[in-house]
Protein chains: 2
Amino acid sequence: MVSSKDVAKHAGVSQTTVSRVLNTPNLVKKPTVDKVMAAIEELHYIPNAHARSLVQNKTYTIALLSGPLHNPFFVDTTAAIVNYANSKGYRVHVQFVNDEKLNEAYTSAVENKVDGVVMSCILLDDPIFEKFEKMDIPFITYNRKHINNKHFVEIDNYQAGVLSAQHVLELGHKQIAWIGGPSTVSTFKNRYDGFAHTMSDHMLSQQYVIQTDTTKQGVKEAFEKLMHLPTPPTAICAATDAIALQTIDEATKAGFHVPLDISVVGIDNVDISKHGRIELTTIGSVSEQNLGYLAISELIEMIENKKNSCVKITESVKVFNRKTTKAYQ
Amino acid sequence: MVSSKDVAKHAGVSQTTVSRVLNTPNLVKKPTVDKVMAAIEELHYIPNAHARSLVQNKTYTIALLSGPLHNPFFVDTTAAIVNYANSKGYRVHVQFVNDEKLNEAYTSAVENKVDGVVMSCILLDDPIFEKFEKMDIPFITYNRKHINNKHFVEIDNYQAGVLSAQHVLELGHKQIAWIGGPSTVSTFKNRYDGFAHTMSDHMLSQQYVIQTDTTKQGVKEAFEKLMHLPTPPTAICAATDAIALQTIDEATKAGFHVPLDISVVGIDNVDISKHGRIELTTIGSVSEQNLGYLAISELIEMIENKKNSCVKITESVKVFNRKTTKAYQ
DNA sequence: TGCAAAAATGAATACGTAACCATTGAAGCA
DNA sequence: TGCTTCAATGGTTACGTATTCATTTTTGCA
């Protein structure tokens, strides 16, 4: 392992000068710079980022705690986050976390002294929130939110639930199902609340509400359960595009045609939903800004400008009316 | 920043003992362990991974240099790689690299003294290959391959090209197009070679071959160019599922029905191709093993067992006959 | 030419950990 | 009891860098 000391010896200068050549070359005479650079080239010297972090207390590393990639929402956000962070000179530790492994992920982030944490996977009442605040680690959540109501970037989830219900109601549906996820997660809770509120406003019962674990298998079972009911639903509001896409997959493979036999609407407006073969009707941010992008740009702002003001962004939403819903007749 | 020295002072022992409690507790008397653990709890001590790396010369970090996530192949592989690495106790630095930024990515990996590198984005003749070998950094490429022909995991790309052509030939097509990518990349080169060879075996001209930059825009232009030909192709062999999916998207939006108006076949057999609304006919590994998984498990094997034997895995392929191709009539 | 100010360089140190070597104390045994 | 062996612990150092402070060299100017 060739170190800056080796370079120094080889160039006939002190290690300090080598360090200066790399960090503040304007403080070093031109010929010295050349000498040192030549030695660096010759020895193939590459500075050790860990040693630097140790003394500078800065790692240029960000931890991303994302949901699983089989959910296309996290595909879009992960890409945006990693790319933006890299463009700003930060490396990204990526983890796809299921809720059980959350603590491990947190610890890993802290042990590595990351400069910041951007995460989706936070439970409504997760104690990690306080921990990060105490340790003075900048962080932000996207999509999901904590009860403390700080440092988040989200879409207006409640309103998304409202719009989802309204959309199929306006199409004349009465038997409307909801396929959601665990209510310990703010996203699922708020979207469902919006849905439920709208349904009861229209005096419609909620016999079709299913809470899944959002896995492929879970959605499959939910769909089958719904369709085996005496009077199956004619429209399904899915809590996320991921669930909507799974549902459509199941429906199609079970011989149903979407939207002729059943309407499906999602929430998130993920990229793949625009595909010509999918054309998923969904609810998404009016600005069509990627939530991951919003989160990471805010986080890096927090890191670099040490601003302590809370980031609270809630994007308003609208219906993206595509081809998976249809008027009830 | 609370350090192991602080813990030592607080527990009334030496820093060495604190280190031992965490790493080799069986060498420490029970009551001492308890004392130290109590101090650790009380002070919320968390060890500094960078300091540890510095002295141990081991980071438990792997760099992943992946292609962009808008290509579903990289969605599948990234998920597999990150999850497997995490399960083995490794963190993963993820970068989505375009070919220009390759060198930056390499440098970042080396500066951070990662334990290994797994990458897709290597050019056929990239000099980085030698560099990594010289620096004794374990690495492996998946999907793409280097001319040196070492340390790779791939599918049989040539044969995939052959099968792709054969498949549409057997369906009776004669006007067969190829939409590929830059031939500086092994994947594209070999797949095309297989396609081209099969075509010339059948005495068919290759007036329909287009090399794109694999971007959305590039594929769109390629498709439009093809369909504006006097006698447009009746089947399109796409070099990757990503290109096939883009092509189908364009075709659908341009009013064509796939496969009634035009057949499309991909290569890679990505997860999303199985979706009920997509049902992409494609060529993929017989074993259906995720290439990313193969690569990362081999890499970690190399890291932990210091085995120097070259990893050379070429998975054989078959046709996954789904619903985007149809007999020509 | 002489002197102060500024520029350029170097020596020493700190960051937080694990590893090596040294020391202490306890246990085992004749 | 006296000796050896082993368990338990501590002191010191190294890892590779940036930084602080000290020293040397150069520059500017009267």
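The sequence lines fix the lettering, A, B, ..., with proteins before strands; numbering per chain opens at 1.
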In whole angstrom, what separates [X]'s [atom1] from [N]'s [atom2]?
{"X": "A:Lys5", "N": "C:dT9", "atom1": "NZ", "atom2": "C1'", "value": "18 Å"}
{"X": "A:Met1", "N": "D:dA14", "atom1": "CE", "atom2": "C1'", "value": "15 Å"}
{"X": "A:Lys113", "N": "C:dT17", "atom1": "NZ", "atom2": "P", "value": "7 Å"}
{"X": "A:Arg20", "N": "D:dT23", "atom1": "CZ", "atom2": "C1'", "value": "12 Å"}
{"X": "B:Lys9", "N": "D:dT9", "atom1": "NZ", "atom2": "P", "value": "20 Å"}
{"X": "A:Leu27", "N": "D:dT23", "atom1": "CG", "atom2": "P", "value": "20 Å"}
{"X": "A:His50", "N": "C:dA18", "atom1": "NE2", "atom2": "P", "value": "15 Å"}
{"X": "A:Ile46", "N": "D:dT17", "atom1": "CD1", "atom2": "C1'", "value": "15 Å"}

Taking side chain as C-beta onward, heavy atoms only, is B:Tyr60 less than 4.5 Å from B:Arg52?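 No, too far: nothing below the 4.5 Å cut-off.
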
Is it the case that the ring center of A:Tyr84 lies less than 6.0 angstrom away from the ring center of A:Tyr90?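 No, the ring centres sit 6.0 Å or more apart.
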
Side chain B:Gln56 and base C:dA19 donor-acceptor under 3.5 Å: no

Look at the side chain of A:Thr16 against the base of D:dA18 and say whether a donor-acceptor pair falls under 3.5 Å; ignore hydrogens and angles.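 Answer no: no donor N or O sits under 3.5 Å from an acceptor.
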
Ignoring hydrogens, what is the shortest heavy-atom contact between [X] and [Y]? Give both atom names and the distance.
{"X": "B:Thr59", "Y": "B:Val114", "value": "OG1-CA, 3.7 Å"}
{"X": "B:Val118", "Y": "B:Ala295", "value": "CG2-CB, 4.0 Å"}
{"X": "B:Tyr293", "Y": "B:Ser297", "value": "O-OG, 2.8 Å"}

Let me know, please, whether B:Asn57 or B:Gln15 comes out on the 5' side of the other along DNA chain D by nearest nucleotide. B:Gln15

Check every strand shown and say whether [X] touches a base, only sugar-phosphate, or nothing at a heavy-atom separation below 4.0 Å.
{"X": "A:Thr32", "value": "sugar-phosphate"}
{"X": "B:Asn23", "value": "sugar-phosphate"}
{"X": "A:Val18", "value": "nothing"}
{"X": "B:Ser3", "value": "sugar-phosphate"}

Backbone N or O of B:Asn112 within a donor-acceptor pair of the A:His50 side chain at under 3.5 Å? yes

Residue [X], side-chain atoms from C-beta onward, closest of [options]:
{"X": "A:Arg52", "options": "C:dT17, C:dG10, D:dT17", "result": "D:dT17"}
{"X": "A:Leu54", "options": "D:dG16, D:dT20, D:dT9", "result": "D:dG16"}
{"X": "A:Ser19", "options": "D:dG16, D:dA14, D:dA18", "result": "D:dA18"}
{"X": "A:Val13", "options": "C:dG10, D:dG10, C:dT17", "result": "C:dG10"}
{"X": "B:Ser14", "options": "C:dT17, D:dG11, D:dT26", "result": "D:dG11"}

Distance test, side-chain N/O of B:Thr17 to OP1/OP2 of D:dT9, below 4.0 Å: no

